[in-house]
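Okay, so here's the structure we're looking at.
Below, each value reflects all heavy atoms present in this structure, side chains not excepted, and no hydrogens, waters or symmetry copies. In what follows, chains are A, B, ... by sequence order, proteins preceding strands, each numbered from 1.
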Number of protein chains: 2
Amino acid sequence: MFTLAEENYLKALFHLESESKDGVSTNAIALKLKTKPSSATDMIQKLAEKKVVAYQKYKGAFLTKKGKLIAADVIRKHRLWEVFLVEKLNFQWDEVHDIAEQLEHIKSEELITRLDTFLDHPNFDPHGDPIPDENGVIKSSDKKLLSELEENQQGICVGVKQSDSKYLQYLDKLSINIGSKIKVLNVEEFDGSKTIEVGGKSYFISEKSAQNIYVIN
Amino acid sequence: MFTLAEENYLKALFHLESESKDGVSTNAIALKLKTKPSSATDMIQKLAEKKVVAYQKYKGAFLTKKGKLIAADVIRKHRLWEVFLVEKLNFQWDEVHDIAEQLEHIKSEELITRLDTFLDHPNFDPHGDPIPDENGVIKSSDKKLLSELEENQQGICVGVKQSDSKYLQYLDKLSINIGSKIKVLNVEEFDGSKTIEVGGKSYFISEKSAQNIYVIN
DNA sequence: ATATAGTTTTAGACAAGTCTAAAAATAAAA
DNA sequence: TTTTATTTTTAGACTTGTCTAAAACTATAT
Ligand SMILES: [Mn+2]
Ligand SMILES: [Mn+2]
Ligand SMILES: [Mn+2]
Ligand SMILES: [Mn+2]
């Protein structure tokens, strides 16, 4: 069993590791978790003793295979809860992170199994990030930007890049949501703006906006 | 803000207080929370300093008005989550307590407001216990036992007294669930057994079974 | 190559929550 | 009303996770 703090460190490590080839510095961890480097060192040493982190003094830290599994499981829970909050409780995409940060630490296999079923086994969270499966396997997301789609291509919205409230409200006007099917009817050569079809209706969208929307197709 | 441990003590105090006129002993608290009396004393003293508990050495503890509000709020969350687990995730009535024990400490007003709406503002949890409202007010439950109903009376199932798995499975056969409308068609003078109508069908139920089911009418 | 700057680790302290063992207070029995 | 038993509180210790300050190490610059 891992404590809430341990789980948060493992998760941070998982994310930081994917952003750089070599070991994660205690500085980087401290920055991410808003603690001090000395605290990070302490925790990394403890996690190393528990065999979930590989660590050599001054050389940075890596997750072991076991550590990766635990981290992926926490991330799985985080993202499933985010889907729940948006899909079922009608939260906005940018309101859910802090609550999921708490919910991800609830301990119950059965709960997550059932939640996953209840949500219909989603593959992406409301920010377009992939949800690891029960075995910690992450489907590499083939997500691209809506702006990359050409005429007559279509995709399913899986998230947004930046998600401030004003922008989300704008998307609501275009009836764009997670899972929305978006078809590109026309691309304006001049400025890259598009005419799209969502839910039977057609809308106009600027290139800048289209560069902020993730789709899979 | 109150910590997880503080919230658990407040909740225990709330329940214990309703079971005896005078102050709650540190012994009783320790027993309920599976800690030691010395730990309970420490915590009660801290809660007294925070003005949520009224406490005099050797005289037992009471919740203050403020303390009662916080306790009721934790209980509200616990019971709402229990409803969610049973109604939405299809857990059995006896599987939800431990998970709710964790979920009750998630901090977000908005979350609970929305959860309450999502669940259609339930008044009772799956064990028939009333759910405090946003202001900590508990509708005194007029719940009675199914065995107390007379011929042609009806009630809505709000919970069960003892909830072991086997019994719940038996109730499933009678299609009795939280919210089920149960009408008493006939009472057998001889042994108190009843013929009841649930969801259009009629079933036979022994007095012993009927003494285990809570209804309101 | 040596000095300087930046990073990382250690040492020691602290708050929260718990425990054991002992002291103090209360309750029950003689 | 003493003595004895039980309950409750205190004292001191321990764990987890954090912090500051100082020491040790690494990287950079002259
Ligand atoms: Mn978290
Ligand atoms: Mn997310
Ligand atoms: Mn419960
Ligand atoms: Mn609890």
Is [X] salt-bridged to [Y], going by a charged N under 4.0 Å from an acidic O?
{"X": "B:Glu7", "Y": "B:Lys107", "answer": "yes"}
{"X": "A:Asp129", "Y": "A:Lys143", "answer": "yes"}
{"X": "B:Asp116", "Y": "B:Arg76", "answer": "yes"}
{"X": "B:Arg114", "Y": "B:Glu109", "answer": "no"}

Would you list the pairs meeting side chain to side chain donor-acceptor pair (under 3.5 Å) in which at least one residue belongs to residues 55-69 of chain A, sequence neighbours left out? none

Which residue pairs pass the side chain to side chain donor-acceptor pair (under 3.5 Å) test when at least one of the two sits in residues 78-90 of chain A, sequence neighbours left out? A:His78-A:Glu82, A:His78-A:His97, A:His78-A:Glu104, A:Glu82-A:His97, A:Glu82-A:His127

Check if the side chain of B:Ser38 and the base of C:dT20 share a donor-acceptor pair of N or O atoms closer than 3.5 Å. yes

DNA chain D-proximal residues of residues 14-23 of chain B, any heavy atom under 4.0 Å: none

Does A:Ser39 reach a base, just sugar-phosphate, or nothing at all? Heavy atoms under 4.0 Å. base

Report the distance from atom [atom1] of [X] to atom [atom2] of [N], rounded to the nearest whole Å.
{"X": "A:Leu33", "N": "D:dT16", "atom1": "CG", "atom2": "P", "answer": "19 Å"}
{"X": "A:Asp42", "N": "D:dT20", "atom1": "CG", "atom2": "C1'", "answer": "12 Å"}
{"X": "A:Ile44", "N": "C:dT10", "atom1": "CD1", "atom2": "C1'", "answer": "16 Å"}
{"X": "B:Gln56", "N": "C:dA25", "atom1": "CD", "atom2": "C1'", "answer": "14 Å"}
{"X": "A:Glu6", "N": "D:dT18", "atom1": "CD", "atom2": "C1'", "answer": "14 Å"}
{"X": "A:Lys36", "N": "C:dA13", "atom1": "NZ", "atom2": "P", "answer": "20 Å"}

Sidechain-backbone polar pair: A:Ser18 side chain, A:His15 backbone, donor-acceptor under 3.5 Å: yes

For B:Pro37, check side-chain contact (heavy atoms from CB on, under 4.5 Å) against everything at least two apart and list the hits. B:Asn27, B:Ala30

List every contact pair, protein side and nucleotides 4-8 of chain D side both N or O, where the distance is under 3.5 Å.
residue	atom	partner	partner atom	Å
D:dT8	OP2	B:Asn27	N	3.4
D:dT8	OP2	B:Asn27	ND2	2.9

Could you tell me whether the phosphate oxygens of C:dT18, OP1 or OP2, come under 4.0 Å of any side-chain nitrogen or oxygen in B:Tyr9? yes

Considering only residues two or more places apart or on different chains, which pairs with a residue in residues 15-26 of chain B satisfy salt bridge (charged side-chain N to carboxylate O under 4.0 Å, His left out)? none

